[in-house]
Amino acid sequence: MFKKALLRLLNAAQIPLDVDSNFVPNQLSQFRISVSEAAAMAGAPPVIIWEREVESLLHYKELIPRLEEALGKFSSRDSAEVIQPVRSTVPLQKHNGFLGLMPTYMENDGVLSTKLVCFYNRGAGSTLPSVSATVLLLDPESGHMKAVMDGEAITNMRTAGASAISAKLLMRHGAEVLAILGTGQQALSHYKAFTEMLSFKEVRVWNHRREGAEKFRRSVGGPVTVCGSVEEAVRGADVIVTVTRSIEPVLCGRWVKPGAHVAAVGACRPDWRELDDSLMKEAVVYADSREGAMAESGDVILSGVEVFAELGDVINGIKPAYREKTTVFKSLGMGVEDAVAANLVYEQWKAKAYKL
Ligand SMILES: NC(=O)C1=CN([C@@H]2O[C@H](COP(=O)(O)OP(=O)(O)OC[C@H]3O[C@@H](n4cnc5c(N)ncnc54)[C@H](O)[C@@H]3O)[C@@H](O)[C@H]2O)C=CC1
Ligand SMILES: O=C([O-])C1=[NH+]CCC1
């Protein structure tokens, strides 16, 4: 009663529960209620955390261990750990795109979120982004919306983080050469995650337009070899990342060194491809979500191959990691990855705002 009365007063006096308000959390701590509980009770608006701030708060070193844990929880199929249906999509026919809805509930962790993501098969001349996203973080008890966040930075970093986990688990020991096909947003985040978390002697990139690859090389600053063809980029590579907007195979099995690991990130529709049949049939195929891959991945569905395991099965020790064989990690992207990333951003934001 007393807590509610205090909060009504704060609200009526329009004392915001925001970054500058040190007073409110300190006072509330006496009553042992959380900031989000207080915000819900006071009817406070959600905090808005936009791209630059998300980027400044999210770091692979903290994100990747949380993603790894979440992938394991997802694959345990324990509904108290993760409830995450396969993404539902609404076609945006006029614009050659899709709206994907990605709700996730992690009961044991008290995390409830949903991402709204629009993704497009853009024509060559378009300057609009391929992916545009927003993540909503909610309080599971009250339903109060705690935060609205830019979803692009989260999508770029959590996707690259999941691919880096796949490489850590599935690439051969002593891997030296990384090849990245495509030089857009995901290529940049993958370059950062892979060079920060793993170590390679050589990084090669290819783009269907050479100027795109040259721009990428200049923007990352580190040593990168620009290749004139996919074959030149991937011959002898130990790890290959495919992050293109292509809807037809760009990577052929005959160019891939036996034992290489491929993190296949693009082609997230049932009729889109990045990898050819020979590669899919040669490789042991892992996915983030078996159901997601069977519903959404053209590379899996059209090649007719089986998903051998989820990354979470390997993390949980249920399925082996065949490092010596050619492996493909088919990434579709999961709501649980967005949930843990958004929750981490929110925790960091609170710590910064309230200097906890
Ligand atoms: N698995 C996952 O969780 C996620 C997958 N994606 C997918 O990853 C892919 C890349 O996304 P972004 O980097 O954000 O896009 P982007 O538009 O920033 O980059 C796309 C790259 O593909 C190249 N490209 C365009 N058309 C091509 C073609 N026909 N053949 C070969 N290359 C072509 C572009 O030049 C560019 O380098 C997209 O397919 C996107 O839908 C995006 C987010 C998450
Ligand atoms: O998981 C994700 O956000 C996406 N997967 C394919 C395009 C966007």
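First listed ligand is number 1; within each ligand, the first listed atom is number 1. The first residue of the sequence shown is numbered 1, and numbering continues consecutively from there.
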- For atom 10 (C) of ligand 1, the closest protein heavy atom turns out to be Val243 O, 3.6 Å

- For residues Phe329 and Val262, determine if any side-chain heavy atom of one lies less than 4.5 Å from a side-chain heavy atom of the other. no

- The answer for which part of Gln186 has a heavy atom under 4.0 Å from ligand 1 is both

- Please determine, by modelled atom types, if His208 and Thr244 share a side-chain donor-acceptor pair under 3.5 angstrom. no

- Message: Quick check on contacts: which atoms of ligand 2 are under 4.0 angstrom from a heavy atom of Cys268?
- Response: 6 (C)

- Message: Pair Glu68, Arg66 - check salt bridge (charged side-chain N to carboxylate O under 4.0 Å, His left out), show working.
- Response: CA-CA 5 Å; Glu68 193 161 339; Arg66 294 214 189 181; over 6 Å; no

- Task: Compute the shortest N/O to N/O distance between Thr155 and ligand 2 and return yes if it is under 3.5 Å, no if not.
- Result: no

- Item | Shortest protein contact, atom 38 (C) of ligand 1 (heavy atom only) | Thr244 O, 3.6 Å

- Near Leu332 (heavy-atom distance under 4.0 Å), the atoms of ligand 2 are 1 (O), 4 (C), 5 (N), 6 (C)

- Between Trp206 and ligand 1, is there a nitrogen or oxygen pair with a distance under 3.5 Å? no

- Message: With the threshold set at under 4.0 angstrom, would you say Arg158 reaches ligand 1 through any of its heavy atoms?
- Response: yes

- Query: Should Arg245 be counted as touching ligand 1, given the test is an N or O pair under 3.5 Å?
  - Reply: yes

- Query: Gln186 versus Asn156: any side-chain heavy-atom pair under 4.5 Å?
  - Reply: yes

- Item | atom 29 (N) of ligand 1: nearest protein contact (heavy atom, Å) | Ser246 CA, 3.9 Å

- Query: Hey, looking at atom 8 (C) of ligand 2, which of Val117, Leu116, Asp338, Thr89 has the closest heavy atom?
  - Reply: Val117

- Query: How far is atom 17 (O) of ligand 1 from its nearest protein heavy atom, and which residue and atom name does that atom have?
  - Reply: Ser130 OG, 2.5 Å

- Message: Angle between ring planes, Trp272 versus Phe119, binned at 30° and 60°: parallel, tilted or perpendicular?
- Response: perpendicular

- Among side-chain atoms of Asp276 and Ser278, is any donor-acceptor pair under 3.5 angstrom? yes

- Message: With heavy-atom distances below 4.5 Å as the criterion, would you say the side chains of Val328 and Tyr286 are in contact?
- Response: no

- Note on the structure: Looking only at protein heavy atoms, what sits closest to atom 18 (O) of ligand 1 is Gln185 N, 2.9 Å

- Arg273 and Asp299 ion-paired at < 4.0 Å: yes

- Among Thr183, Val230, Thr242, Thr127, which one has a heavy atom closest to atom 37 (O) of ligand 1? Thr183

- Note on the structure: ligand 1 atoms nearer than 4.0 angstrom to some heavy atom of Leu332 are 1 (N), 2 (C), 3 (O)

- Structural part of Val265 in contact with ligand 1, heavy atom criterion under 4.0 angstrom: both

- Mind checking whether Glu296 has a heavy atom under 4.0 Å from ligand 2? no

- Heavy-atom contacts under 4.0 Å between Ala162 and ligand 1: side chain, backbone, both, or neither? neither

- Check each heavy atom of Thr155 against ligand 1 and say whether those closer than 4.0 Å belong to the side chain, the backbone, both or neither. side chain

- Note on the structure: Scanning both residues in full, the closest heavy-atom pair of Phe74 with Gln84 reads CE1-NE2, 3.6 Å

- Message: Considering non-hydrogen atoms of the protein only, which is the closest contact for atom 4 (C) of ligand 2, and what is the distance?
- Response: Arg87 NH1, 3.3 Å

- Item | Contact partition for Val131 relative to ligand 1, non-hydrogen atoms under 4.0 Å | side chain

- Message: Hydrophobic clusters here meaning ILVMFWY residues chained together by side-chain heavy-atom distances under 4.5 Å, can you tell me if Tyr346 and Leu58 are in one?
- Response: yes

- Message: Closer than 4.0 angstrom, basic N to acidic O: yes or no for Lys115 and Glu337?
- Response: no

- Query: Tell me, which protein residue and heavy-atom name are nearest atom 24 (N) of ligand 1, and how many Å apart are they?
  - Reply: His208 NE2, 3.3 Å

- Query: Applying a strict 4.0 Å limit to heavy atoms, is Gly212 in contact with ligand 1?
  - Reply: no

- Where ligand 1 meets Cys268 - atom numbers and elements under 4.0 angstrom, heavy-atom basis: 1 (N), 5 (C)

- Query: Among Arg87, Lys330, Arg290, Arg269, which residue meets the salt bridge (Lys or Arg N to Asp or Glu O under 4.0 Å) test with Glu296?
  - Reply: Arg87

- Of the backbone atoms (N, CA, C, O) and the side-chain heavy atoms from C-beta on, which set of Glu337 has a member under 4.0 Å from an atom of ligand 2: side chain, backbone, both, or neither? neither

- Task: Show your working on side-chain hydrogen bond (donor to acceptor under 3.5 Å, both in side chains) between Glu274 and Thr242 and close with a plain yes or no.
- Result: CA-CA 7 Å; Glu274 267 191 324; Thr242 62; 2.7 Å; yes

- Please work out whether any backbone atom (N, CA, C, O) or any side-chain heavy atom from C-beta onward of Glu211 is under 4.0 Å from ligand 1, and answer side chain, backbone, both or neither. neither

- Just need the protein heavy atom nearest to atom 1 (N) of ligand 1, so name the residue and atom and give the distance. Ser331 OG, 2.9 Å

- Query: Going by heavy atoms, is Arg158 under 4.0 Å from ligand 2?
  - Reply: yes

- With a 4.5 Å limit on heavy-atom distance, are the side chains of Thr104 and Val82 in contact? yes

- Leu99-Val86 co-clustered via ILVMFWY side chain contacts under 4.5 Å: no

- Query: Got the closest protein heavy atom to atom 3 (O) of ligand 2, with its distance?
  - Reply: Lys115 NZ, 2.6 Å

- Item | Glu214 bridged to Arg217 by N-O distance under 4.0 Å | yes

- Message: Geometry only, no angles: is Ala187 polar-contacting ligand 1 at N/O separations under 3.5 Å?
- Response: no

- Message: Side chain, backbone, both or neither: which applies to Asn207 and ligand 1 if a contact is any heavy-atom pair less than 4.0 Å apart?
- Response: side chain

- Message: For atom 44 (C) of ligand 1, what's the nearest protein heavy-atom neighbour? Residue, atom name and distance, please.
- Response: Thr159 OG1, 3.5 Å

- Would you check if Ile247 and Asp271 make a side-chain contact, meaning some heavy-atom pair closer than 4.5 Å? no

- Can you tell which of Asp78, Asp109, Asn108 makes a side-chain hydrogen bond (donor to acceptor under 3.5 Å, both in side chains) with Lys73? Asp109

- Considering heavy atoms of the protein only, find what lies nearest to atom 7 (C) of ligand 2 and give residue, atom and distance to 0.1 Å. Phe119 CG, 3.6 Å

- Note on the structure: Tyr322 and Val284 have their tightest heavy-atom pair at CD1-CG1, 4.0 Å

